[in-house]
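Beneath this line is the structure, given in structure tokens, with notes to follow.
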Amino acid sequence: MLLPLATLLRLASRIACVIVIVSFAIFALEQTSEASSHQQNEVTGSATGSASPHSEKHSRKNTVHRVLDEVANALISPFSGVTAGSTSQWVTRGVGTLLALLVYGIGIGYLSRMLRIRV
């Protein structure tokens, strides 16, 4: 009875960690791409509105990306109180991702190993 539960916990832990890591990687790629575009516009002297890139970014998101972000945000949301005062997206996402990996990866992984040992 407990062995399948341990296997299920280990699988859920790995899936949660992969979702959080992939979501953070996509966030980092988007942020660096946006920063690169902004710097190129600054160098060339092009003026773009701040609302335009934001709306373009949301219109380009496909369904898979949107669902991945929603699931990752749900997984990270229990840790949002830690970074509540931060205005930096990098700090908010980075700390949330790190805490999620600690809890879901190490914590649930440890729990599943303990369940296997007791069998």
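Scope of the values below: all heavy atoms of this structure, side chains included, with no hydrogens, waters or symmetry mates. Quick note: residue numbers are just sequence positions, from 1.
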Residues which pass side-chain contact (heavy atoms from CB on, under 4.5 Å) with Val22, listed by chain and number, not counting sequence neighbours: Val18, Ile26, Leu68

Non-neighbouring partners of Ile15 that pass side-chain contact (heavy atoms from CB on, under 4.5 Å), sequence neighbours left out: Leu11, Ile19

Any donor-acceptor N/O pair, Ser13 side chain to Leu9 backbone, under 3.5 Å: no

Qualifying salt bridge (charged side-chain N to carboxylate O under 4.0 Å, His left out) pairs with a residue from [range], counting only residues at least two apart or across chains:
range	answer
residues 10-27	none
residues 72-90	none
residues 67-77	Lys61-Asp69

Heavy-atom pair of closest approach, residues Gly96 and Ile76: CA-CG2, 3.5 Å

Qualifying side chain to side chain donor-acceptor pair (under 3.5 Å) pairs with a residue from residues 92-105, counting only residues at least two apart or across chains: Ser23-Arg93

Nearest 0.5 angstrom please: [X] [atom1] to [Y] [atom2], how far?
X	Y	atom1	atom2	value
Leu101	Leu75	CG	CG	10.0 Å
Met114	Leu111	CE	CG	8.5 Å
Glu30	Gln89	CD	CD	10.0 Å
Ile108	Cys17	CD1	SG	8.0 Å

Fellow cluster residues of Trp90, listed by chain then number, with links counted only when side-chain atoms sit under 4.5 Å apart: Phe24, Phe27

Side-chain polar contacts of residues 77-84 - donor-acceptor pairs under 3.5 angstrom, sequence neighbours left out - could you list them?
| from | atom 1 | to | atom 2 | distance (Å) |
| --- | --- | --- | --- | --- |
| Ser77 | OG | Ala74 | O | 2.9 |
| Ser80 | OG | Ser77 | O | 3.0 |

